[in-house]
Enquirer: 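My structure is below; once you've seen it, I'll send some questions.
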Amino acid sequence: MTVSALREAFGSAIVRHAVICGDTIVWVSRDRIHDALAWLQATPDQDYNYLTDITAVEYRDTERPLEIVWQLRSLARKVDLRVKVALDKRAPLEVPTCWDLWKGADWLEREVYDMFGVTFTGHPDLRRILMWETYAEGYPLRKDFPLRGHFSRAEQTRQALAANPEANYSLEELSIAEAYHELPKEMRERLRHGERGFLK
Amino acid sequence: MGLEPEQRLDNPATENVADDITEMSVTSPNWVTTRLDFLVNWARKNSLWPMPFGTACCAIEYMATAASRFDIARFGMERQSFSPRQADVFICAGRVPFKLAPVLRRIWDQMPQPKWCISMGACASSGGIFDNYSMVQGIDTIMPVDVYVPGCPPRPEGLIYGIRLLQKKIEGETFTDEALREERLVGRDGLFLPPERVDELSEPFGNSVQQTRSA
Ligand code: SF4
């Protein structure tokens with residue numbers, strides 16, 4: 001039902017769909033993904049009001065595109081829907097944020113950015129969330145990332161010990177004024193206006 | 001024996017005899033004669049205040065050890081010190097990611113001497129099953145460790161055995177040896193051990209040698 005309604009509303013932007021193990025999966029083109037998610041959320045008989053998770057999948061077959069996955073749920077209708085966008089790995093990995101639709105997308109998108117290096121355009125505060133902000137080895141869950149990281153253990157340990165434990169947090173998360181000067185410049189700039197300064 | 005003090009010092013045979021008889025002897029209701037070292041170590045080893053640093057599953061076993069059934073209070077660890085300033089033993093119970101390494105190191109540096117460290121579990125001691133990009137391969141690469149307790153997780157008996165070993169180690173110390181109480185800080189190169197040593201300690205071992213798919 002959802003799929004046919006989606007096809008009606010978005011036409012060829014719905015690339016394909018599949019039902020696997022009882023789960024409906026819809027592939028949407030990158031250009032319309034934000035519209036599709038907004039539509040799924042706002043249309044009364046769809047009513048996908050809960051964003052369960054955002055994640056990404058990279059397949060071992062290097063030719064296959066990287067997929068971003070949105071797992072949606074309608075709490076009232078008790079149904080789930082999985083929405084995917086396939087991203088060609090040769091182009092910059094970018095998708096629009098859905099933080100404006102579900103505020104919970106904030107950290108989920110940061111996690112996908114941290115682990116896969118996918119940029120969510122329009123995200124208010126896209127920075128690493130699991131690894132520390134100055135982590136320089138790349139994106140750990142990508143297939144071309146070696147299990148033990150790029151640097152030697154000694155170098156990893158050195159960088160870890162050199163970190164200021166308090167600088168991993170923004171002033172909003174932990175008001176530790178001393179850490180302010182250790183933060184990267186653009187982050188200081190952002191914090192000076194308040195973490196969500198542009199919202200007013 | 002009516003020996004003069006100098007004679008006692010000069011005569012190794014007498015010294016051994018003195019060691020062999022009981023360490024502490026009560027000669028009258030008001031007097032105790034003992035070696036000062038023995039007294040100091042006895043007091044230290046029986047009033048260890050642990051700074052529990054539970055980072056993962058091992059912490060559950062640590063809690064079990066601290067709770068009534070196993071009760072490490074029996075060994076003088078009555079007070080769990082959640083402030084490093086009032087702690088004697090750092091017990092790292094669980095795996096340590098690189099992100100946590102500076103926190104661990106700072107807490108260790110904040111602890112006053114005398115202090116000891118117990119590395120509890122396979123992860124804290126060697127990185128355990130987590131031979132990956134994010135995990136410290138043994139906390140001995142970032143701070144000195146006195147006792148390693150193997151196991152995943154170690155049973156409370158294991159930890160208690162480790163604590164008993166630490167107490168034994170303390171018995172053998174002498175408080176006049178300043179080298180024991182030296183702060184071993186992170187060096188100028190930003191590492192606690194020489195880089196080759198860190199790499200060596202972090203080498204994959206056992207099964208993990210076969211399992212790696214890393215570059
Ligand atoms: S040694 Fe085992 S129980 Fe302990 S932290 Fe590691 S995985 Fe968990």
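Chain letters run A, B, ... following the sequence lines, proteins first and then strands; every chain starts at 1.
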Enquirer: Applying side chain to side chain donor-acceptor pair (under 3.5 Å), run through B:Y62 and B:Q80 and close with a yes or a no.
Expert: CA-CA 11 Å; B:Y62 178 81; B:Q80 308 285 318; 2.5 Å; yes

Enquirer: Pick from B:T141, B:V186, B:I142: which one has the most heavy-atom pairs with chain A under 4.5 Å?
Expert: B:I142

Enquirer: Is it true that the NZ or CZ of A:R64 lies under 6.0 Å from the centre of A:Y59's six-membered ring and within 45 degrees of the ring axis?
Expert: yes

Enquirer: When only pairs under 4.5 Å are counted, which of B:V103, B:V198, B:L100, B:N132 shares the most heavy-atom pairs with chain A?
Expert: B:N132

Enquirer: By a 4.5 Å heavy-atom criterion (distance strictly below it), what part of B:V136 contacts chain A: side chain, backbone, both, or neither?
Expert: neither

Enquirer: Would B:E182 and B:Q113 count as having a side-chain donor-acceptor pair, cut-off 3.5 Å?
Expert: no

Enquirer: May I ask you to establish whether B:K169 and B:W116 are in a cation-pi arrangement, using a distance under 6.0 Å from NZ or CZ to the six-membered ring centre and at most 45° from the ring axis?
Expert: no

Enquirer: Looking at A:Y48, is A:R77 sitting on its ring face, NZ or CZ under 6.0 Å from the six-membered ring centre and within 45 degrees of the normal?
Expert: yes

Enquirer: Give a yes or no on whether a salt bridge exists between A:K84 and A:E67, defined as a side-chain N under 4.0 angstrom from a carboxylate O.
Expert: yes

Enquirer: Set out, in order, the CA-CA distance, both residues' side-chain angles and the distance that settles side chain to side chain donor-acceptor pair (under 3.5 Å) for B:T176 and B:T174, then state yes or no.
Expert: CA-CA 5 Å; B:T176 49; B:T174 164; 2.8 Å; yes

Enquirer: Tabulate, in ascending numerical order, the residues of residues 86-97 of chain B having at least one heavy atom closer than 4.5 Å to a heavy atom of chain A, or enter 'none'.
Expert: none

Enquirer: Can you tell me if B:S83 and B:R85 form a side-chain donor-acceptor pair at under 3.5 Å?
Expert: no

Enquirer: Pick one of side chain, backbone, both or neither for A:F145, based on which atoms fall under 4.5 Å of a heavy atom in chain B.
Expert: side chain

